[in-house]
Undergrad: 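Right, I'll just put the structure down here and ask away after.
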Amino acid sequence: MSRPLYISRKLLKKKKTEAAAGKKKSLGNVGPEKSTDAKKLKPWVAQLVIEESTGVAHLGVTFDNAVHGRQFGTFDSDLTDSPKKLRLALKKAGASFTGNKGEQIDYIEEMLARMPATTGLLTGKPGFRTNGFVLGRRMIGDGVKNYKWAAEPGPKAALGLSRGTLDGWKKNVAAPLVDSTFASFGICFGLAACLPSYIDMKRLHNPELPKLVSETATTNYSGDSGSGKTALLEVVAGLYGEPVLDDWDFTKASFEESCAARNNLVLVKDDTETYLEESPSLKVQLRTVNEKIPAGCSKARSQVVAGQSYANLTWCTFGMSSSLKSLHELAEEFKWKRTKGELVRYIDIAVPTPEEGGIFDNLSGPAHTHAAASSELVGKLKASTASYYGTAMPAFIDMLLKEDRSAEVVKLTDKFVRKVQAKKGWDQRLARKFGIAYAAGKLAVKAGILPWPEDWVFRAVVRCYRRALAGMAKHADVLNSKLHAVKIASTDPVQFPVAKSGAKPIVCTDRTLGVSAQYKGQQVFAMRREGLKVLAGSNTGALELAKLFGTHGLLVGGHGHVRTTQLPIAIKVGDTIVPKPRFYVLDAVKLAAYGADRKAA
């Protein structure tokens, strides 16, 4: 602190002496002032900055470059004592000087004399700080006014850049996406990436707030080429900067740096088909994404590099990618047996074929017109994303900072989990990752950031949630956990109320999965097909779970490939009474014994 202040007094004294002697030089054509129009430019600014991650001091200078415009660069702090050497360093950095050498040095001396007494903070990590958010070169909120962005080539350079207006983005990018649940969910997921850290920040003053999610996750859109997956990824990347996608050519260390460079945001990867390297293999890269993004911290580094900016990195980052084959298919191909934990940390969402409309799955008109309509919409979406980007996320963050929305975020997330009837444990762990996307979307619609109908957010998010569950339906561990959930639910009289033949109809609520009854002299649990779908999470999951009932010998009776049985137990669904509905009839004794052998082992 003392050095810049000393320089300021020294240089000011020199200027006064020169003025008294009539030697004061005019610096009107030096530095950024190259023409009459250029005089409107702000003067160059120097400030001592402290690197946030290491505590190392630098001299930060904001200057003009003839090609790239206003730039910020860091230099050795000792150059505050040497305007001549600082001039050379600035020239090497691309600073646009005019005037002769002496005038340029005088201009730098004046800049150093204006150095503020306060120090700035230099960071290369976006995300929330107290009462503020660092979004690349864009600082949002009062708490980050003194921050400077350490821009580097690559993903960091694109962060915080914007083009067009928010209204333009809403009209040309967001509004047409009411025909795409997949891209709409992508936007909600992208906005939601900052919410876990937002809640953590609020918990410092309100410890009663629960953590929003136990870990982050990556979503992968799988489907045929031409279905619009890349356009979707670009829309998400364009929420907070230039729509540039991250490639798959990385080491574990460089991937950790990429995660930290997208803290509180989404790290958007290109399609896996773009990766052509043999080493590391695609299997290794996929497992790195699966493990590293939710891990939240880098591998411990040697003490030799402990003081470097890339040592001991932390992040709260979400991920997004795409592939031709589903993650399930890729895992089988690579002989990678994914655990339930890995499934919920890297979530596959299957996109319809281009003939079915691809990402545009909500098109009107005859089905045979959907392919051409989707192709046209994808082309328009890519063009619009290139013209309008970097405005939605700043608006969303600004809304979060202006008023405490933490209670509303938690309430909306919990509401989604309840609406999809996710069971405790693994199911809720998955559902909450979609729930925060629902919360972000609802808040953004309410704030006027997303120009969508009130009910569209739930429709989009739940559609992708169901598709994700369908993709997991054949996984043995997932199926067994669902069957265990049926066993637990059978003990709940709300989910399986007692029914008798000829009695009043059983009124089915949104929690009713089936009924407890007698069938051919034995105790059974009769499960509604609708209840099985709710518990399984998707039609595909329900069919796979029904097969598992048969595999374990739990089904009693049943006809046809669906194995359901018609029982004379009337039920009332809404205003409709069904006198003889069809059920999956499960042997109560065998269901109660399910899993006992594994526990004993």
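What you see below is based on every heavy atom in this structure, not just the backbone, and it leaves out hydrogens, waters and symmetry mates. Fair warning: this is a prediction, and the values are worked out from it, not measured in the lab.
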Undergrad: Scan residues 329-338 for pairs that pass salt bridge (Lys or Arg N to Asp or Glu O under 4.0 Å), counting only residues two or more places apart or in two chains.
TA: Lys325-Glu333
Undergrad: So do the side chains of Val235 and Val173 get within less than 4.5 Å of each other, counting heavy atoms only?
TA: yes
Undergrad: Excluding sequence neighbours, so at least two apart, what forms ring pair (Phe, Tyr, Trp, His ring centres under 6.0 Å) with Phe128?
TA: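 Phe128: ring pair (Phe, Tyr, Trp, His ring centres under 6.0 Å) contacts with Phe133, Tyr198.
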Undergrad: With distance as the sole test, does Ser375 use its side chain to make a donor-acceptor pair with the main-chain N or O of Ala371 at under 3.5 Å?
TA: no
Undergrad: Considering only distance and modelled atom types, tabulate donor-acceptor pairs under 3.5 Å from the side chains of residues 438-451, sequence neighbours left out.
TA:
{"from": "Lys442", "atom 1": "NZ", "to": "Glu454", "atom 2": "O", "distance (Å)": "3.3"}
{"from": "Lys442", "atom 1": "NZ", "to": "Glu454", "atom 2": "OE2", "distance (Å)": "3.0"}
{"from": "Lys446", "atom 1": "NZ", "to": "Glu408", "atom 2": "OE2", "distance (Å)": "3.0"}

Undergrad: In chain order, what residues pass the ring pair (Phe, Tyr, Trp, His ring centres under 6.0 Å) check against Phe255, with sequence neighbours excluded?
TA: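 Testing Phe255 for ring pair (Phe, Tyr, Trp, His ring centres under 6.0 Å), a comparison that skips the adjacent residues, returns Phe250.
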Undergrad: May I have all residue pairs that pass ring-ring contact (aromatic ring centres under 6.0 Å, His included) and include part of residues 317-340, sequence neighbours excluded?
TA: Phe189-Phe318
Undergrad: Has the side chain of Ser227 got a donor or acceptor atom that lies under 3.5 Å from a matching backbone atom of Gly358?
TA: no
Undergrad: To the nearest 0.5 angstrom, please state how far the NZ atom of Lys533 sits from the OG1 atom of Thr540.
TA: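 Between Lys533 NZ and Thr540 OG1, I get 10.0 Å after rounding to 0.5 Å.
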Undergrad: Are the charged groups of Asp224 and Lys229 less than 4.0 angstrom apart, N to O?
TA: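 Lys229 and Asp224: not salt-bridged.
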Undergrad: Can you confirm whether more than 12 heavy atoms, excluding those of Lys411, are under 6.0 Å from its NZ atom?
TA: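 No, because the 6.0 Å sphere around NZ of Lys411 holds 12 heavy atoms or fewer from other groups.
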Undergrad: What's the separation between atom CZ in Phe434 and atom OG1 in Thr413, rounded to the nearest 0.5 Å?
TA: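 Rounded to the nearest 0.5 Å, the CZ-OG1 separation comes out at 13.5 Å.
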Undergrad: Less than 3.5 Å apart, which donor and acceptor atoms pair up between the side chains of residues 175-182 and the rest of the protein, not counting sequence neighbours?
TA:
{"from": "Ser180", "atom 1": "OG", "to": "Ala183", "atom 2": "N", "distance (Å)": "3.0"}
{"from": "Ser180", "atom 1": "OG", "to": "Ile359", "atom 2": "O", "distance (Å)": "2.7"}
{"from": "Thr181", "atom 1": "OG1", "to": "Asp361", "atom 2": "OD1", "distance (Å)": "3.2"}
{"from": "Thr181", "atom 1": "OG1", "to": "Asp361", "atom 2": "OD2", "distance (Å)": "2.5"}

Undergrad: Quick check for you: to the nearest 0.5 Å, what is the distance between Ile569 atom CD1 and Gln518 atom CD?
TA: 10.0 Å
Undergrad: Hey, does the side chain of Trp169 reach the backbone of Ala174 with a donor-acceptor pair shorter than 3.5 angstrom?
TA: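 No, because the side chain of Trp169 does not come within donor-acceptor range (under 3.5 Å) of the backbone of Ala174.
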Undergrad: Here's a test for you: under salt bridge (charged side-chain N to carboxylate O under 4.0 Å, His left out), which of Arg432, Lys433, Lys482 qualifies with Asp427?
TA: Lys482
Undergrad: Looking at residues at least two apart in the chain, or sitting in another chain, which of them share a side-chain contact (heavy atoms from CB on, under 4.5 Å) with Val284?
TA: Pro280, Ser281, Thr288
Undergrad: So Thr272 and Gln285, side-chain hydrogen bond (donor to acceptor under 3.5 Å, both in side chains) or not? Walk me through it.
TA: CA-CA 9 Å; Thr272 58; Gln285 303 303 71; over 6 Å; no
Undergrad: I'd like to check Leu212 versus Val409 (side-chain heavy atoms, cut-off strictly below 4.5 Å). Are they in contact?
TA: yes
Undergrad: So how far is it from Leu535 CG to Gln495 CD, rounded to the nearest 0.5 Å?
TA: 8.0 Å
Undergrad: Can you name the side-chain contact (heavy atoms from CB on, under 4.5 Å) partners of Leu209, sequence neighbours left out?
TA: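 Checked Leu209 against side-chain contact (heavy atoms from CB on, under 4.5 Å); matches are Lys202, Arg203, Asn206, Ser406, Val410.
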Undergrad: For residues Leu330 and Leu286, determine if any side-chain heavy atom of one lies less than 4.5 Å from a side-chain heavy atom of the other.
TA: yes
Undergrad: Looking only at heavy atoms, which two atoms of Pro568 and Lys580 are closest? And how far apart?
TA: CA-CG, 4.1 Å
Undergrad: Do the side chains of Thr219 and Val266 get nearer than 4.5 Å, heavy atoms only?
TA: no
Undergrad: Are a donor atom and an acceptor atom from the side chains of Ser321 and Tyr346 found within less than 3.5 Å of each other?
TA: yes
Undergrad: Indicate whether the side chain of Glu273 and that of Ser322 have a donor and an acceptor atom separated by less than 3.5 Å.
TA: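 No donor-acceptor contact under 3.5 Å links the two side chains.
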Undergrad: Would you say the side-chain atoms of Arg582 pair up with the backbone N or O of Thr564, donor to acceptor, closer than 3.5 Å?
TA: yes
Undergrad: Where is the tightest heavy-atom contact between Thr130 and Met201, given as atom of each residue plus distance?
TA: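 Closest heavy-atom pair between Thr130 and Met201: CA-SD, 4.4 Å.
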Undergrad: Is a side-chain donor or acceptor of Arg262 paired with a backbone partner of Ala260 at a separation under 3.5 angstrom?
TA: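 No; zero donor-acceptor contacts below 3.5 Å.
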Undergrad: Between Lys380 and Glu376, is there a side-chain N and carboxylate O pair less than 4.0 Å apart?
TA: yes
Undergrad: With no hydrogens and no angle check, is any side-chain donor or acceptor of Asp348 less than 3.5 Å from a backbone partner on Leu327?
TA: yes
Undergrad: Rounded to the nearest 0.5 Å, how far apart are CZ of Arg345 and CG of Leu430?
TA: 12.5 Å
Undergrad: Within this structure, what is the NZ-CG distance for the pair Lys170 and Leu166, rounded to the nearest 0.5 Å?
TA: 5.5 Å
Undergrad: Donor-acceptor pair, Lys487 side chain versus Ala592 backbone, under 3.5 Å?
TA: yes
Undergrad: Examine distances only and state if a side-chain atom of Thr385 and a backbone atom of Leu381 form a donor-acceptor pair shorter than 3.5 Å.
TA: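 Judged by distance alone, yes, a pair lies under 3.5 Å.
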Undergrad: Taking all non-hydrogen atoms of both residues, which atom of Tyr584 and which atom of Ala546 are closest, and how far apart?
TA: CE2-CB, 3.7 Å
Undergrad: Is there a side-chain contact between Pro497 and Thr512 in this structure, where contact means two heavy atoms from C-beta onward sitting under 4.5 Å apart?
TA: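 Heavy-atom side-chain distance check passes, below 4.5 Å.
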Undergrad: Trp456 and Ser184: which non-hydrogen atoms are nearest, and at how many Å?
TA: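 Heavy atoms of Trp456 and Ser184 come nearest at NE1-OG, 2.9 Å.
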Undergrad: Hey, are the side chains of Met393 and Cys194 touching, using non-hydrogen atoms and a 4.5 Å cut-off?
TA: yes
Undergrad: Could you give all pairs that pass the ring-ring contact (aromatic ring centres under 6.0 Å, His included) test and reach residues 492-516, with sequence neighbours left out?
TA: Phe496-Phe525
Undergrad: Please give me the minimum heavy-atom distance between Ser374 and Leu363, naming the atom from each residue.
TA: N-CD1, 4.1 Å
Undergrad: Decide yes or no on side-chain contact (heavy atoms from CB on, under 4.5 Å) for Asp510 and Gln421, but give the supporting numbers first.
TA: CA-CA 9 Å; Asp510 57 357; Gln421 299 184 44; 4.0 Å; yes
Undergrad: Considering non-hydrogen atoms only, spot the tightest contact between Met472 and Leu343 and give its length.
TA: CE-O, 3.4 Å
Undergrad: If we only count heavy atoms from C-beta on, is the Trp315 to Ser197 side-chain gap below 4.5 Å?
TA: no
Undergrad: With a 4.5 Å heavy-atom cut-off, do Phe583 and Thr565 have their side chains touching?
TA: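 No, too far: nothing below the 4.5 Å cut-off.
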Undergrad: Going by side-chain contact (heavy atoms from CB on, under 4.5 Å), name the residues that satisfy it together with Asp575, two or more places apart in sequence or in a different chain.
TA: none
Undergrad: Can you list the residues that meet the side-chain contact (heavy atoms from CB on, under 4.5 Å) rule with Val589, with sequence neighbours excluded?
TA: Asp587
Undergrad: Could I get the full list of ring pair (Phe, Tyr, Trp, His ring centres under 6.0 Å) partners for His552, not counting sequence neighbours?
TA: Tyr594
Undergrad: Which residue is it: Val486, Ile488, Asn480? I am looking for the one with a side chain to side chain contact (heavy atoms under 4.5 Å, CB included) to His484.
TA: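 Exactly one candidate clears the test, Ile488.
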Undergrad: Can Thr317 and Asn263 be counted as having a side-chain donor-acceptor contact under 3.5 angstrom?
TA: no
Undergrad: Is any NZ, NE, NH1 or NH2 atom of the basic residue among Glu342 and Lys340 found under 4.0 Å from an Asp or Glu carboxylate oxygen of the other?
TA: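 No, no charged N to carboxylate O under 4.0 Å.
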Undergrad: Assess whether a salt bridge exists between Arg418 and Asp414, defined as any Lys/Arg side-chain N lying under 4.0 Å from an Asp/Glu carboxylate O.
TA: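 Between Asp414 and Arg418 there is no salt bridge, as every charged N stays at least 4.0 Å from the carboxylate O atoms.
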